[in-house]
Amino acid sequence: MPESLLNTQDVKDLLAKVGGLGNENGDARMKHIVHRVVSDLCRVIEDFDVQPDEFWSAVSYLTAVGQAGEAGLLVPSLGLEAFLDLRMDQAEQQAGIEGGTPRTIEGPLYIAGAPLSKTEARLDEANEQGEVLFMNGQVRDMDGQPVAGAIVDIWHANTLGGYSFFDPSQPKFNLRRRIETDAEGRYSFRSILPGGYGMPPAGQTQKLLDQLGRHGRRPAHIHFFVSASNYRKLTTQINIDGDAYLHDDVAFATRNDLIPRIRRSTDPAAIRARGLNAPFAEISFDFVLHREAAAAPKAEVTRAHAEAA
Ligand code: MBD
Ligand code: FE
């Protein structure tokens with residue numbers, strides 16, 4: 001084994017200069033983080049004896065991920081978005097904020113500006129296929145008091161796992177709505193049960209997953225942001241119970257309290273009463289928010305979103 005280059009003064013000096021550690025300019029935090037990231041990368045190259053061909057293949061890979069717009073898919077697939085959740089959970093716990101509806105990852109497929117309505121909405125547009133879902137519940141605080149005027153911002157996939165905007169075959173805000181809760185904190189909506197999502201099979205994320213022997217499937221789920229003034233914003237999802245990937249999510253986002261029971265109605269009279277001609281599903285799910293507190297860690301995550309034109 002040759003001597004570790006990373007332990008030589010020459011390489012230490014090189015890495016310090018890379019991070020701008022010796023100059024008075026720039027941003028101190030950025031300098032230390034870049035210094036660490038580059039140093040750790042060099043350590044990986046040395047420890048695994050990464051060959052130049054392999055290194056340039058990784059550079060090409062990251063370039064292709066960016067060009068394909070798949071950075072937002074790669075991050076959750078590597079568990080990094082779930083890790084950020086665990087970090088936020090830990091920070092809250094240290095600030096005495098515990099319980100309430102658990103957070104789970106936002107994912108990369110949110111679009112701002114979905115239609116807003118009071119108390120109820122229908123999410124599926126233009127003869128969307130799928131089992132009809134009625135979902136309802138209440139937004140409450142930790143004392144059990146209803147949160148009136150909360151905004152429940154909902155987005156989910158169609159039965160094929162496709163999200164409007166990213167799937168141009170769907171109407172603009174299909175399966176995306178915002179609902180303002182009523183005086184009792186209640187919301188309800190009609191939609192269709194989503195299907196599970198799969199990473200694009202010919203995409204860059206799946207290409208790496210293949211090399212890890214992993215699939216790129218997410219169990220069927222519905223995303224929510226729940227916000228109200230003076231409350232901590234909640235980013236979460238529910239999973240559709242019974243999905244084969246329920247506890248085998250490429251994005252590691254399943255949490256035990258986020259798998260509500262699905263009630264299925266097959267009674268012809270109940271079906272007719274809803275104006276339907278096939279069995280339907282019902283889910284009741286309450287969102288429990290924490291009050292905002294000055295000393296608490298930041299609940300709102302700043303993140304770039306696409307906006308439907
Ligand atoms: C999704 O629907 C999703 O929620 C995540 C996190 C990644 C890919 C697709
Ligand atoms: Fe999703």
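Just so it is clear, the values below take in all heavy atoms, side chains as well, and ignore hydrogens, waters and symmetry mates. Just so you know, residue 1 is the first one in the sequence shown, and it goes up from there.
By the salt bridge (Lys or Arg N to Asp or Glu O under 4.0 Å) test, Arg255 is found to be paired with Asp89, residues two or more places apart in sequence or in another chain being considered. Every side-chain hydrogen bond (donor to acceptor under 3.5 Å, both in side chains) that Gln51 has, sequence neighbours left out, goes to Asp49. Residues passing the salt bridge (Lys or Arg N to Asp or Glu O under 4.0 Å) test with Arg264 are Glu131, sequence neighbours excluded. Residues passing the side-chain contact (heavy atoms from CB on, under 4.5 Å) test with Ala293 are Ala296, sequence neighbours excluded. Residues that satisfy the salt bridge (Lys or Arg N to Asp or Glu O under 4.0 Å) test with Glu92, not counting sequence neighbours, are Arg103, Arg232. Every side-chain contact (heavy atoms from CB on, under 4.5 Å) that Lys31 has, sequence neighbours left out, goes to Leu21, Asn23. Take Glu300 and apply the salt bridge (Lys or Arg N to Asp or Glu O under 4.0 Å) test, not counting sequence neighbours, and it matches Lys233. Checked against side-chain contact (heavy atoms from CB on, under 4.5 Å), Pro146 has the following partners two or more places apart in sequence or in another chain: Gln138. Glu125 meets the side-chain hydrogen bond (donor to acceptor under 3.5 Å, both in side chains) test with Arg177; sequence neighbours excluded.
Atom CG of Asp47 has more than 12 neighbouring heavy atoms from other residues, nucleotides or ligands inside a 6.0 Å radius. In Glu98, the CD atom is crowded: over 12 heavy atoms of neighbouring residues, nucleotides or ligands sit closer than 6.0 Å.
Thr181 places a side-chain N or O within 3.5 Å of a backbone atom of Gly149 that can act as its donor or acceptor partner. Counting only distance, with no hydrogens or angles, the side chain of Asp143 and the backbone of Gln145 share no donor-acceptor pair below 3.5 Å. With Gln129 contributing its side chain and Asn127 its backbone, the two residues share a donor-acceptor pair below 3.5 Å. Proximity of a side-chain donor or acceptor of Tyr61 to a complementary backbone N or O of Gln204 within less than 3.5 Å is detected. A donor-acceptor contact shorter than 3.5 Å links the side chain of Arg176 to the backbone of Ser164. The main-chain N or O of Ser77 is found under 3.5 Å from a side-chain atom of Arg214 such that the two form a donor-acceptor pair. For Ser39 (side chain) and His35 (main-chain N/O), a donor-acceptor pair under 3.5 Å exists by modelled atom type.
Centroid-to-centroid, the aromatic rings of Phe285 and Phe287 come within less than 6.0 Å. Taking the centre of each ring, His156 and Tyr163 stay at or above the 6.0 Å mark. The ring of Phe225 has its center closer than 6.0 angstrom to the ring center of Trp155.
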N/O donor to acceptor pairs below 3.5 angstrom from side-chain atoms of residues 104-111, sequence neighbours left out:
from: Thr104; atom 1: OG1; to: Ala253; atom 2: O; distance (Å): 2.7
from: Glu106; atom 1: OE2; to: His305; atom 2: NE2; distance (Å): 2.6
from: Tyr110; atom 1: OH; to: Asp153; atom 2: OD2; distance (Å): 2.5

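Here Val301 sits in one hydrophobic cluster together with Met88; the rule is ILVMFWY side chains under 4.5 Å apart, joined directly or through other members. Under a 4.5 Å side-chain heavy-atom cut-off, the cluster of Ile, Leu, Val, Met, Phe, Trp and Tyr residues that includes Val37 is completed by Ile33.
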